[in-house]
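The block underneath contains the structure these notes are about, expressed in structure tokens.
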Protein chains: 2
Amino acid sequence: MSTPGQDVPRPLLPLADDRPPERADAARNRALLLETARRLVERDGVCGVTMDRLASEAGVGKGTVFRRFSSREGLMGELLDFSESGWQAAVLSGPPPLGPGAPPRERLLAFGRSRIETTLLHADLIAASGYPGGRSVAAIGFIASHVRHLLGEIGVEGDLPLLTTALIAPLEVPVLVQQVRREGHSVARVQDAWADLVRRVLDAPPAAAGPRPAP
Amino acid sequence: MSTPGQDVPRPLLPLADDRPPERADAARNRALLLETARRLVERDGVCGVTMDRLASEAGVGKGTVFRRFSSREGLMGELLDFSESGWQAAVLSGPPPLGPGAPPRERLLAFGRSRIETTLLHADLIAASGYPGGRSVAAIGFIASHVRHLLGEIGVEGDLPLLTTALIAPLEVPVLVQQVRREGHSVARVQDAWADLVRRVLDAPPAAAGPRPAP
DNA sequence: AATAGAAACGGACCGTGGTCCGTTTCGCCC
DNA sequence: GGGCGAAACGGACCACGGTCCGTTTCTATT
């Protein structure tokens, strides 16, 4: 997989990079390493993928691995981006109600249901990509801007950026993993609870005194 | 609070431990290590505290450190419990509106404001105590049960356990750190946003069709 | 006080993520 | 093609968290 005929989902937001393209050997090694990493994840799970192992398995020096992906988190982030890009495409241009075409409120609810499933599916990878604490800002940035955009379309009043954060927070990996894997709640129940949260936020009467705008 | 004369904040929920007490040398070392750790945190910050350094600084072997606190997270957890117990006492028995006496709605709002400050204050320690991912369940358990209790007193309808989680999620370390330290929002704004979220959740009209109860 | 057995101790040892720097390869330009 | 500077490569090296196990110390019992 990778370069040629393009059926694979391509990375996220194009995000024009001005840097000159990689040298041929570098690109070859990047592809080789990503493929090897994918195979290792499949075989041993995310935790079983060591940078040393990856290097030796790919027949390459450790330094090379760290040169291509600046850290383990970076590597996992790229693996994740690959997995997530299909989902992002579905949100951006797939069929309604997840994709465009449905009323924004329904899109938001569909987003939540879908996101909960996707997050649980990729939980290990997301966690390993060092998500909280800095990296993989790509993924969370996409989610945040989508939700915020829908809130705007719905016409919600208030501090949209922070309200967005509050709606997204219960979709984070640790929260969902705690609810589903540790406390044993069903995915459907968690999804319903999020939908209920959204309903409350959208249908609440306007604030008595408006919140401070933004310092 | 807790046992007898004591002016130091004592650990959280008593949680009867049946195990026999530590041997004298063990107790001595635990105290020595905690004190040394506290000093090191103060001097070098949480990240500057290494298990090796702690051991050598305290003049004991590394094995001893790991025997007393089973991991780095465990150590940080104990340090954190010490810091948090004062706050927990204020919630459980301090003056209103944070403590008992005020109407539950006001207590909830006061809780949020206070919790945001405390979390930001102890952010490094909370993160180092391995909070998401398992440990330090003590702290989050306390928070969850308090919020849930208040929601019950207020008379909120719905799936209270999960609604509680949704309200608590935006108070987690990574979220708050992102908002305040990275995006540069003021603490007051974050506090207001949480209060607005609570207002919406509490004042929303009842659900059209009730959510599924619980499988 | 002597003793026995459990508990605590210490530090060598391991695997991991990450860095460093001397060596090799690439690809552009003459 | 030959040469040259930049980029990539490789693997020794480091610090850290964590384990293991032989040795020492405590304390309960007699």
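Throughout, protein chains are lettered first and strands after them, A, B, ... in sequence-line order, and every chain is numbered starting at 1.
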Can you build the contact string for nucleotides 19-30 of chain C? Use B for base contact, S for sugar-phosphate-only contact, and - for no protein heavy atom under 4.0 Å. B-----BBS---
A:Thr64 side-chain N/O to D:dG10 phosphate OP1/OP2 under 4.0 Å: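 For D:dG10, OP1 or OP2 has a side-chain N or O of A:Thr64 closer than 4.0 Å.
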Check whether any side-chain nitrogen or oxygen of A:Asn29 sits under 4.0 Å from OP1 or OP2 of D:dA8, and answer yes or no. no
Identify, with sequence neighbours excluded, every residue that meets side chain to side chain contact (heavy atoms under 4.5 Å, CB included) alongside [X].
X: B:Ala166; answer: A:Pro170, A:Leu197
X: A:Ile116; answer: A:Leu120, A:Leu171, A:Leu176, A:Val187, A:Val190, A:Gln191, A:Trp194
X: A:Leu121; answer: none
X: A:Arg53; answer: A:Asp44, A:Thr50

Could you tell me which residues satisfy side chain to side chain donor-acceptor pair (under 3.5 Å) with [X], sequence neighbours excluded, listed by chain and number?
X: A:Ser114; answer: A:Trp87
X: A:Arg181; answer: none
X: B:Thr164; answer: none
X: B:Glu35; answer: B:Arg38

Closest nucleotide among C:dC9, D:dG17, D:dA8 to the A:Arg68 side chain: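 Shortest atom-to-atom distance from the side chain points to D:dA8.
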Taking C-beta and beyond as the side chain, do B:Arg107 and B:Leu98 meet within less than 4.5 Å on heavy atoms? no
What are the residues of residues 49-61 of chain A, sorted by number, that bring a heavy atom to within less than 4.0 Å of DNA chain D?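 The answer is A:Val60, A:Gly61.
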Using a heavy-atom distance cut-off of less than 4.0 Å, which residues of residues 39-48 of chain B contact DNA chain D? none
Could you tell me how far apart A:Arg72 (CZ) and C:dG15 (P) are, to the nearest whole angstrom?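 After rounding, the gap between these two atoms is 17 Å.
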Do any pairs count as a side-chain hydrogen bond (donor to acceptor under 3.5 Å, both in side chains) and have a residue in residues 141-150 of chain A, sequence neighbours left out, and if so which ones?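 Of all non-adjacent pairs touching residues 141-150 of chain A, none passes side-chain hydrogen bond (donor to acceptor under 3.5 Å, both in side chains).
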